[in-house]
Amino acid sequence: MEIVTAQEMYDWDQLAIQSAGIEGKVLMESAGREAARAVEGKVERHDRILVLIGAGNNGGDGFVLARTLLNRGYHVQAWQVVPDEKISGDALLHKEIYSASNYPLLKLEDWEEFTAAMQSADVLVDAMLGIGANGPLRSPLKEIVELANQQSCCRIAVDLPTGVPADEGVVDFDGFRADHTIVIAALKMSAFLQHTRPYYGEVEVVEIGLPVKYKNKGRRVVWQADDVKRTLPKRGADSHKGSHGRGLIIGGSYSMPGSIAVSAKAALRSGAGLVTVATAKSAIPSVSSYVQEATFLPMNEKDGAITGHAVEDFQQFDGVAVGMGIGRNSEVQELMSELLAELNVPLLIDADGLYQVKELLEDVEVRSAPIVLTPHPGEFAHLTGEPISKVMQSPFAYSKEFACSHGVYLVLKGPATIITSPEGDQRVDVSGNAGLAKGGTGDVLSGILLAMMLQSESFMDGLCNGCFIHGSTAELLTEASHSKTGLLATDVIEGLSQSFRIFS
Ligand SMILES: NC(=O)C1=CN([C@@H]2O[C@H](COP(=O)(O)OP(=O)(O)OC[C@H]3O[C@@H](n4cnc5c(N)ncnc54)[C@H](O)[C@@H]3O)[C@@H](O)[C@H]2O)[C@@H](O)CC1
Ligand SMILES: [K+]
């Protein structure tokens, strides 16, 4: 499913209108009717529904929606909240059709009367402003949004909650706080951003008949269960352990053996044929007691922390993950530099490894074998040298810029994980829940991703599948037997088998 900016949405609409000959008023009828159908699924028959109608085409959708719900016997009050002269074009046509249906149209003239109507509504439908929002909310929309947000009724937005920007990068806004948003045709970027996502509530996308031929295909999409089922590699009946890749995981220390242990176990649970753990010799007993299926490569150490190793010992592997619990001493930086220069297989870098790689970005750029970086927002801010708040206001733009300029696959972790290829293609994974907000879950993800890198024909598909499986496993566990509070990284590992049964 595509994710669009406001401009990309307008381009799709315009191409459909000009090239396919579908008229704007037809799209509006379709959008309003589909939105009405979606509203029907969220309200009770006896609910008093108040539709707030603005000046633009979002308001036009509101006229169609109000007429459709009235035709179907719902209790609807339609309130036009802007002066008559502001309504034009397709929206005016649909206003006229509404009025020709003999339904009353209320106008915002007396604020007290309007407030009383809002207060007695069970459901508020916001069709005031959509992707055409320009600058901070002006009167009377600003005051209406403030009043609407004070009501205890159900709030439903059409396309976008009024005031919320469609695109990234805008943080100063007043927005309608929707319980549900019925998104027209394609998800807007702001549905995935930390600072705008909470305004949407639950999201439902409605299809309005735009010819798919004209959409901006594939550059930014949501990765979904069907994509996973379609692309997850199948295990051949005649395969052997060598067919599924030999993975190496480098990291851990005497005082931090857990990170590397869970990465290794997760890689094995995700189908890697063979996994070797390269860690401080003193950490091996505790790691091996948790992951009996792995083999070990003892590394040089000082006070229980890795200090380095000859990279030629790592050449026999098909893929390497490095950084989990590895520490931040200068010898590790040297090791990272050698890995980048001498190891010619796919390399995933996480955790402390990301801290180290900040100084090695030039080495990253010249490396020919693929590199995957898996930062959380704090680590990504460190890599870019920008404050977290700035990076997270525009995570799509920052991810793309970073991945393209350094030639890496970037997995920016969060409630909406953004996966970007070196060519700038972006996919978003929204699986998972708050149960994953706990130490160790990132290490589990690194292990799963290494296994996917070893087994997948397409790197991008493999990374997206790994993120999706990680999040879905948390969802499956918290739905069935675990709580979000009590979920552990090791529970996720144990749940992986169940997920692979569903998605393979
Ligand atoms: N063919 C199309 O373009 C379609 C558009 N559709 C709907 O149309 C919407 C986009 O329509 P428009 O481009 O007319 O834009 P909007 O309806 O989102 O808003 C434009 C209107 O809002 C006012 N406005 C802008 N910023 C404001 C602010 N900060 N404070 C107060 N008022 C402000 C403008 O003066 C203008 O009258 C979509 O979100 C969607 O709901 C759908 O009907 C499907 C087809
Ligand atoms: K709206």
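No experiment lies behind these values; they were computed from the predicted model shown. Atoms within each ligand, like the ligands themselves, are counted from 1 in listed order.
Closest to atom 10 (C) of ligand 1, if we only count protein heavy atoms, is Ile131 CG1, 3.6 Å. Protein heavy atom nearest atom 15 (O) of ligand 1, with residue, atom name and distance: Gly132 CA, 3.3 Å. At the shortest separation from atom 17 (O) of ligand 1 among protein heavy atoms lies Asn58 N, 3.0 Å. Atom 11 (O) of ligand 1 has Asn57 CB, 3.1 Å as its closest protein atom, hydrogens excluded (heavy atom only). Annotation: atom 45 (C) of ligand 1 to nearest protein heavy atom, Leu27 CB, 3.8 Å. Protein heavy atom closest to atom 41 (O) of ligand 1, with residue, atom name and distance, is Asp61 OD2, 2.7 Å. Looking only at protein heavy atoms, the nearest one to atom 33 (C) of ligand 1 is Arg138 NH2, 3.3 Å.
Side-chain contact between Leu348 and Ser446 is present, with at least one heavy-atom pair separated by less than 4.5 Å. Side chains of Leu445 and Cys467 form a contact here, defined as non-hydrogen atoms less than 4.5 Å apart.
Every atom of ligand 1 with a heavy atom of Asp159 under 4.0 Å away is listed here by number and element: 38 (C), 39 (O), 40 (C), 41 (O). Within ligand 1, the atoms closer than 4.0 Å to a non-hydrogen atom of Leu141 are 31 (C), 32 (N), numbered from 1 in the order shown. Each of the atoms 37 (O) of ligand 1 lies under 4.0 Å from some heavy atom of Ala55. Listed by number with element, the atoms of ligand 1 under 4.0 angstrom from any heavy atom of Tyr10 are 10 (C), 12 (P), 13 (O), 15 (O). Under a 4.0 Å criterion applied to the non-hydrogen atoms of Leu137, ligand 1 contributes the atoms 29 (N), 30 (N). Using a 4.0 Å cut-off to heavy atoms of Gly130, the atoms of ligand 1 that qualify are 16 (P), 18 (O), 39 (O).
At a heavy-atom distance under 4.0 Å, no atom of Ser30 approaches ligand 1. When non-hydrogen atoms are compared, ligand 1 lies under 4.0 Å from the backbone of Leu129 as well as from its side chain. Within the 4.0 Å heavy-atom criterion, the part of Ile208 lying near ligand 1 is the side chain and not the backbone. Contact annotation for Asp13 and ligand 1: only side-chain heavy atoms (C-beta onward) come within less than 4.0 Å of the ligand.
Rounding to the nearest 10°, we obtain 120° for the angle at the K ion (ligand 2) between Asp126 OD1 and Leu160 O.
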- request: Evaluate the criterion salt bridge (charged side-chain N to carboxylate O under 4.0 Å, His left out) for residue pair Lys107 and Asp84; output intermediate values, then yes/no.
  value: CA-CA 9 Å; Lys107 302 211 177 138; Asp84 286 334; 3.1 Å; yes

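The environment of CD in Glu362 is sparse: at most 12 heavy-atom neighbours from other residues, nucleotides or ligands sit within 6.0 Å. For NZ of Lys42, the number of neighbouring non-hydrogen atoms (other residues, nucleotides, ligands) closer than 6.0 Å is greater than 12. With a 6.0 Å radius and a threshold of 12 heavy atoms from other residues, nucleotides or ligands, Glu202 has its CD atom at or below the threshold. Enclosure of atom CD in Glu23 is not indicated, since only 12 or fewer non-hydrogen atoms of other residues, nucleotides or ligands lie within 6.0 angstrom. More than 12 heavy atoms of other residues, nucleotides or ligands sit less than 6.0 Å from atom CG of Asp110. Around atom NZ of Lys142, no more than 12 heavy atoms belonging to other residues, nucleotides or ligands sit under 6.0 Å away. In the displayed structure, Arg45 atom CZ is contacted under 6.0 Å by more than 12 heavy atoms of other residues, nucleotides or ligands.
Of the protein's heavy atoms, none falls inside 4.0 Å of atom 36 (C) of ligand 1.
At under 3.5 Å, a nitrogen or oxygen of Gly135, whether backbone or side chain, sits near a nitrogen or oxygen of ligand 1. For Pro136, a nitrogen or oxygen atom sits less than 3.5 Å from a nitrogen or oxygen atom of ligand 1, counting backbone and side chain alike. Inclusion of Gly24 in the set of residues having an N or O under 3.5 Å from an N or O of ligand 1 is not warranted.
Coordination check, Gly54 versus the K ion (ligand 2): failed, since every N/O/S atom of the residue sits at 3.4 Å or beyond. Gly130 lies apart from the K ion (ligand 2) in this respect, since none of its N, O or S atoms is found at a distance under 3.4 Å. Residue contacts to the K ion (ligand 2): Ala157 brings no N, O or S atom closer than 3.4 Å. When distances to the K ion (ligand 2) are checked against a cut-off of 3.4 Å, Asn58 contributes an N, O or S atom below that limit.
Ranked by closest heavy atom to atom 26 (N) of ligand 1, the top entry among Asn134, Asp90, Val158 is Asn134.
Between Phe459 and Tyr409, the ring-plane angle classifies as tilted under the 30° and 60° cut-offs. By the 30° and 60° cut-offs, the orientation of the rings of His382 relative to Tyr355 is parallel.
Side chain of Glu34 to main chain of Ile182: no donor-acceptor pair is present (N/O by atom type, distance under 3.5 Å, no hydrogens or angles).
Donor-acceptor pairing under 3.5 Å is recorded for the side chains of Ser190 and Tyr200. At a cut-off of 3.5 Å, with distance as the only test, no side-chain donor of Asn465 or Ser456 sits close to an acceptor on the other residue.
If you run side chain to side chain donor-acceptor pair (under 3.5 Å) between Asp122 and each of Arg48, His46, Gln151, only Arg48 comes through.
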